[in-house]
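Computed from a predicted structure; not experimentally measured. Counting convention: from 1, in listed order, for ligands and their atoms alike.
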Amino acid sequence: MHFSTTLLATYGLLQVAAAFRLPFRLPWAHAHLNDGEQVPLALPTEESAVPRIAIVGAGAAGSSAAFWIGKAKERYGLDVEVDLFDSNGYIGGRSTTVHPYENPELQPIELGASIFVEANLNLWRATEEFGLYRSDWDEGEDTTGLWDGSQFVITTSGGWWDAVKVVWRYGFFAVSRTKALVQSMITDISNLYGQDMGSKPFTNITTLATELNWTDAVGQTTTEFFDEKGINHKWTAEMVDAATRVNYGQDADAIHALEGMCSLAATGASQVIGGNWQIFDNFVKRSNSNVYLNTTVKSILKNEDHYTLRAQTHGSSHLIERTYRAVIIAAPFYSSSIDLSLISAPVIPPQPYVHLHVTLLSTPNAHPRTRFFGLKDSDSVPTTILTTSEAVRQNPDAPPPEFNSISYHGKILTLDGLPANTSTDGGEEWSVKIFSKQRLEDSWLRRAFGKIGWVYRKEWDAYPVLPPASKFPPIKLEQGLYYVNAFEPFISTMETETIAARNVVELLMQEEFDASICKSDDTGPKNDNTTFVYGWDC
Ligand SMILES: Cc1cc2nc3c(=O)[nH]c(=O)nc-3n(C[C@H](O)[C@H](O)[C@H](O)COP(=O)(O)OP(=O)(O)OC[C@H]3O[C@@H](n4cnc5c(N)ncnc54)[C@H](O)[C@@H]3O)c2cc1C
Ligand SMILES: *[C@@H]1O[C@H](CO)[C@@H](O)[C@H](O)[C@H]1NC(C)=O
Ligand SMILES: *[C@@H]1O[C@H](CO)[C@@H](O)[C@H](O)[C@H]1NC(C)=O
Ligand SMILES: *[C@@H]1O[C@H](CO)[C@@H](O)[C@H](O)[C@H]1NC(C)=O
Ligand SMILES: *[C@@H]1O[C@H](CO)[C@@H](O)[C@H](O)[C@H]1NC(C)=O
Ligand SMILES: *[C@@H]1O[C@H](CO)[C@@H](O)[C@H](O)[C@H]1NC(C)=O
C-alpha cells in the first residue's frame, strides 16, 4: 500500500500507454434525435402482458441495476422488460471522460470518478469479465506537496508510507495505525459481497451500519474518530485532511469517519484504460434493457398496482407515458427533479451535494509556477498539490487554499501513446486536473501555470455533504419503488453504488417476482482463484 496512491485516489494521473477504443458510440440506443426533426419513441402506453421495470439514471447505480436484473432474468428465466432512462446523452453519469481539445485522436481524461481499488470487487470483476484493461496508478517520479494556502507544510516524492519526513512530522504510529483502521474497514466491507448479505437484502441503512459495527464511524467526524483511536492529531489535521479534501471536497473535521476511511483506502488503485464508463456501458449492453438517453423522467405516479412514469426526450415535445410494475430511482433524488408528490412515500430527507468545479487544462510547462506558490525560481515545485485547512483552523485570518487539489496527469498523448504536439508552437503539453470550490478564471490559471492551451470546465454536484449521521434515507419508498442513492450519504463511490443497486434488485426480485439474483442451490465460487462475489459467483 502506498500512501501517495491513497491521497491521489481520485486523480486520473495515469500515463496511459496502450491504444484504446473508439470514442463513445451507442448504436444500440433506442432514443436519438436528429437536428430539429422529432423521432417519436414507440412506447406503448397500454399494459402489456410482460411486466416492466423502469430504472431512472444510467450511472454506476442504474447501469448495474440493469445488469443485476439481467442476471436474475437469466437464472430464473424471468420474462421482464427493463427500460433505462437518463437525461444525459451518455451512460456513466458522474463517470465520464473528455478528450483534450475535444479531439478524439487524443487519449481521454476522466472528468468525474477516476479511481477504484482492488477491494472494489464488483468493478474489479467487471473489468475482467468484460475484457477491459486496467492501468495501475504508478507513483512515478511525482513530487507531492501539501499546501495550506500560504506554504507547503510537507513535500515528498516516492512512497509516503515510508517517508522519513512523514514519520518525523507525524510520529511513528500515525501511518501504521491509520493503515490498520482502514484495513479493518475494508474487511468489514467484504461482508457485503457474501452469500449471506447478498441473499438477505437490507432495507435500512441505519440498521446496516449497526450490523457492520460502523455506528461510531458514521456518527463521528473523521478527526474525532481518529483522535479517539489515538492517532497523531497533526497527521489527521494535515494528511488525512488532504485525503478527504481531494476525494470528497470536505475537511476531515467535517466529514464522517466511514467516508474519511474510504478516502484512505487505495490498495491497487486503478482506472479503466479509455474510461471507467466502459464498465457501465458493458453493464447496460449485457442487460438487454431498452435504453432511452437524452430522456428526463418527469414524474412517477402510483395507480393501484402499478406505476405510471412520464418522461420527455430532449428537443421533443412528445411526452412518454408508460406503466411499470416496479421503478428503481438510481439518481440523487433532489437533483433528479422527479415529481413524486402523488405517492405517499416516506419523505426522502433533503440531501445537499458538494458543488465541485473540475478544471482540465493543457500547458507546455512541466510544473506549476514556483512564484505562484511563494517559492524561489531555483526551488522545485510539486506536480501534485493536495491541500489542508489546518492553517485556517489555527488562524481564521489565514488565507484558505484557493483549490482542493492540482494534479499533473502526464503528457497529452495520442491514441498510440505518443506525446502529441498540441501546443500552439507545435510542442508537447501536459494535462492538469484541478478540483476547486470556485470557478478558476483563465487569469488565475495563467498565474499558476504560465502558458495554457486547452481549458475545460465542468461543475458537478459531486458527492453528498457528509457530516456525521445517525439516520439515512429510505431504500424502499413504497411497494415496488426503490431508491438506490439512499446509500450515498453512507458511502459515495462507484463501487458502493453497484452494491446498493444489487441490494435493491435483490429486494425487488424477492418482493415482486419471487426470484433472486442468484439461485439458492447455486452456491460457491466457480473457481478457486477468485474471491467469491455475490451476484457473479452466486
Ligand atoms: C469529480 C468527481 C470525482 C470522483 N471521484 C471518484 C473516484 O475516484 N472513485 C469513485 O469511486 N467515485 C468517485 N466519485 C463519486 C462517483 O462518481 C459517484 O459515487 C458515482 O459515480 C455515483 O453513481 P450513481 O449512478 O449513483 O449516480 P450518477 O452517476 O450521478 O448517475 C445518476 C444518473 O441519473 C441521471 N438522472 C438524474 N435525474 C434524472 C431524471 N429525472 N431522468 C433521467 N435521468 C436522470 C443523471 O443524468 C445521471 O446520469 C467522484 C465524483 C466526482 C464528481
Ligand atoms: C443527445 O442529445 C445531444 C444534443 O442534442 C446529441 O448531440 C446526441 O447525439 C444525443 N444522444 C443520443 C444518444 O441520443
Ligand atoms: C461487530 O461487533 C460484534 C461485537 O463486537 C461482533 O460480534 C461482530 O462480529 C462484529 N460484526 C462485524 C460485521 O464485524
Ligand atoms: C511531434 O513533433 C516532433 C518534432 O517535430 C516529431 O518528431 C513527432 O513525431 C511529433 N509527434 C507526433 C505524435 O506527431
Ligand atoms: C431504520 O431503523 C431505525 C432504527 O430502528 C429507525 O429509527 C429508522 O426510522 C429506520 N429508517 C427507515 C428509513 O426506515
Ligand atoms: C487458477 O490459477 C492457476 C494458476 O494461475 C491456473 O493454472 C488454473 O487454471 C486456475 N484455475 C481456474 C479454475 O481458473
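- The atoms of ligand 2 that sit less than 4.0 Å from any heavy atom of G89 are 13 (C).
- The nearest protein atom to atom 7 (O) of ligand 5, hydrogens excluded, is given as K471 CE, 4.1 Å; this is a heavy-atom distance.
- Listed by atom number, the atoms of ligand 1 under 4.0 Å from S492 heavy atoms are 19 (O).
- In this structure, of G112, A269, S87, the residue bringing a heavy atom nearest to atom 40 (C) of ligand 1 is S87.
- The atoms of ligand 1 that sit less than 4.0 Å from any heavy atom of G92 are 29 (O).
- In E497, the part holding a heavy atom less than 4.0 Å from any atom of ligand 1 is the side chain.
- The N/O atoms of A58, backbone and side chain alike, include none that comes under 3.5 Å of an N/O atom in ligand 1.
- Between the side chains of T244 and S263, no donor-acceptor pair of N or O atoms lies under 3.5 Å.
- Open room surrounds CD on Q438; 12 or fewer heavy atoms of other groups in view lie less than 6.0 Å from it.
- Between S335 and ligand 1, no pair of N/O atoms sits closer than 3.5 Å.
- Side-chain contact, T387 with N404: no donor N or O sits under 3.5 Å from an acceptor N or O.
- Using a cutoff of 4.0 Å between basic side-chain nitrogens and carboxylate oxygens, R322 and D83 are scored as salt-bridged.
- Neither the backbone nor the side chain of T496 has any atom closer than 4.0 Å to an atom of ligand 1 (non-hydrogen atoms only).
- The option from S64, A113, G89 that lies nearest to atom 4 (C) of ligand 1, judged by heavy atoms, is A113.
- For F472 and F487, the ring centers are positioned 6.0 Å apart or more.
- Under a 4.0 Å criterion applied to the non-hydrogen atoms of W460, ligand 1 contributes the atoms 1 (C), 53 (C).
- Across the listed options A500, A331, G59, A331 owns the non-hydrogen atom lying nearest to atom 37 (C) of ligand 1.
- Using a non-hydrogen distance threshold of 4.0 Å, F116 does not register as a contact of ligand 1.
- For the 3.5 Å distance criterion, the side chains of D461 and S335 fail to qualify, holding no donor opposite an acceptor.
- Side-chain atoms of T222 and H256 form no donor-acceptor pair, as typed in the model, at a separation below 3.5 Å.
- Within the 4.0 Å cut-off (strictly below), no protein heavy atom is located near atom 5 (O) of ligand 5.
- No side-chain N or O of Q278 forms a donor-acceptor pair with one of D281 less than 3.5 Å apart.
- More than 12 non-hydrogen atoms from other residues, nucleotides or ligands lie less than 6.0 angstrom from NZ of K458.
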Audit row: Y307, Y324, ring-ring contact (aromatic ring centres under 6.0 Å, His included) steps and yes/no
CA-CA 5 Å; Y307 290 94; Y324 295 92; 9.1 Å; no

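- When each atom of ligand 5 is checked for a heavy atom of P474 under 4.0 Å away, the hits are 13 (C).
- The two residues D136 and S270 come nearest to each other via the heavy atoms OD1-OG, 3.5 Å.
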Stepwise, does the ring-ring contact (aromatic ring centres under 6.0 Å, His included) test hold for W460 with F435?
CA-CA 10 Å; W460 292 107; F435 289 170; over 10 Å; no

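- At least one N/O-N/O distance between S114 and ligand 1 falls below 3.5 Å.
- At least one N or O atom of I115 sits closer than 3.5 Å to an N or O atom of ligand 1.
- Annotation: A61 places an N or O atom under 3.5 Å from an N or O atom of ligand 1; distance criterion only.
- Look at T295 and you'll find a heavy atom under 4.0 Å from some atom of ligand 1.
- Listed by number with element, the atoms of ligand 2 under 4.0 angstrom from any heavy atom of N294 are 1 (C), 2 (O), 3 (C), 8 (C), 10 (C), 11 (N), 12 (C), 14 (O).
- When each atom of ligand 1 is checked for a heavy atom of A330 under 4.0 Å away, the hits are 32 (C).
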Stepwise ring-ring contact (aromatic ring centres under 6.0 Å, His included) test for Y534 and Y193:
CA-CA 5 Å; Y534 186 76; Y193 299 103; over 10 Å; no

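- Contact atoms of ligand 1 toward V56: 40 (C), 42 (N), 43 (C) (distance under 4.0 Å to a heavy atom of the residue).
- Under 4.0 Å from ligand 1, not a single heavy atom of S337 appears.
- Listed by atom number, the atoms of ligand 1 under 4.0 Å from G57 heavy atoms are 33 (C), 34 (O), 35 (C).
- Ring geometry for F283 versus F130: interplanar angle over 60°, hence perpendicular rather than tilted (30 to 60°).
- Under 4.0 Å from ligand 1, the heavy atoms of I338 that appear belong solely to its side chain.
- Among protein heavy atoms, the minimum distance from atom 3 (C) of ligand 5 is reached at N204 ND2, 3.5 Å.
- Using a 3.5 Å distance cut-off with no hydrogens or angles, the side chains of S362 and W430 do not pair a donor with an acceptor.
- The shortest N or O to N or O distance between E495 and ligand 1 is not under 3.5 Å.
- Below 3.5 Å of separation, one finds no N or O of Y463 facing any N or O of ligand 1.
- In this model, a donor atom of one side chain and an acceptor atom of the other lie less than 3.5 Å apart for T496 and T493.
- Near L356, meaning under 4.0 Å from one of its heavy atoms, ligand 1 places the atoms 1 (C).
- Looking at V484 against ligand 1, nothing comes within 4.0 Å, counting heavy atoms.
- K200 has no carboxylate O lying under 4.0 Å from a charged side-chain N of E506, or vice versa, which leaves the two without a salt bridge.
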